[in-house]
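Keep in mind that this is a model prediction, so the values were computed, not measured. Just so you know, residue 1 is the first one in the sequence shown, and it goes up from there. Hydrogens, waters and symmetry mates play no part in the numbers below; they use all other heavy atoms, side chains included. Counting starts at 1 for both ligands and their atoms, following the listed order.
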Amino acid sequence: MTLLKIAHVGHPVLRDRSRELTRDELASAAVQRFIDDLVETMRDASGAGLAAPQVHNPIRVCALEVTANPRYPYLPEIPLTILVNPVVASLGEETFESYEGCLSVPNLRGVVRRNTDIELTYWDRDGAQHKERVGGLAACVYQHEIDHLDGKLFLDRVEDTRTLTTWTEFERFHRQAYLEKILPLVPRMGG
Ligand code: NI
């Protein structure tokens, strides 16, 4: 496997809409190898997720995984999930102000409003279709990754730019208040 180079904000590949894959393309050795590399790159960078355009490949594929992530210690566990051609629909009006960061936006975090109850339709890496309901903070992670496939970064959704913070200043000034804010979502984590 190969570690892929991660594109940073300003690179046009992060701003294009990525294209759908056919089942034949998905089954190809090249795409299957790419998915392995995407997962390895996500793990190497301690990302909670990584979308194909972030590694310069504009196809609608993303990987998610959260297992005791040092970048996001408060996130619920998400088993390794590969989304191919995902479609997301919100199931309610409820939103949450999620403090997000991104491997393509080094050393910056900001508050983004996300739906907390979503329905996802996607193929797995074998081309099998899934429909799942995801709630709580996990729903925020899914929405962040799927945004990448539409050329959107969390920065575009930051309503109050005064929430922007480096990781060090997040730890110093914002982490504690944020941990208290996410508590109500905890019982529903991974739901
Ligand atoms: Ni991101």
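- In this structure a side-chain-to-backbone donor-acceptor pair under 3.5 Å is present from T165 to F170.
- Between the D156 side chain and the L153 main chain, a donor and an acceptor come within less than 3.5 Å of each other.
- For the Ni ion (ligand 1), the neighbouring protein N/O/S atoms at less than 2.8 Å, given as residue and atom, are C102 SG, H144 NE2, H148 NE2.
- Remark: F34 pairs with no residue by the ring-ring contact (aromatic ring centres under 6.0 Å, His included) rule, at least two apart or across chains.
- In this structure, OG1 on T161 lies 11.0 Å from CG on L155, to the nearest 0.5 angstrom.
- With R114 contributing its side chain and F96 its backbone, the two residues share no donor-acceptor pair below 3.5 Å.
- Residues R133 and E119 are not paired through a salt bridge, judged by the lack of any N-O separation under 4.0 Å between the basic side chain and the carboxylate.
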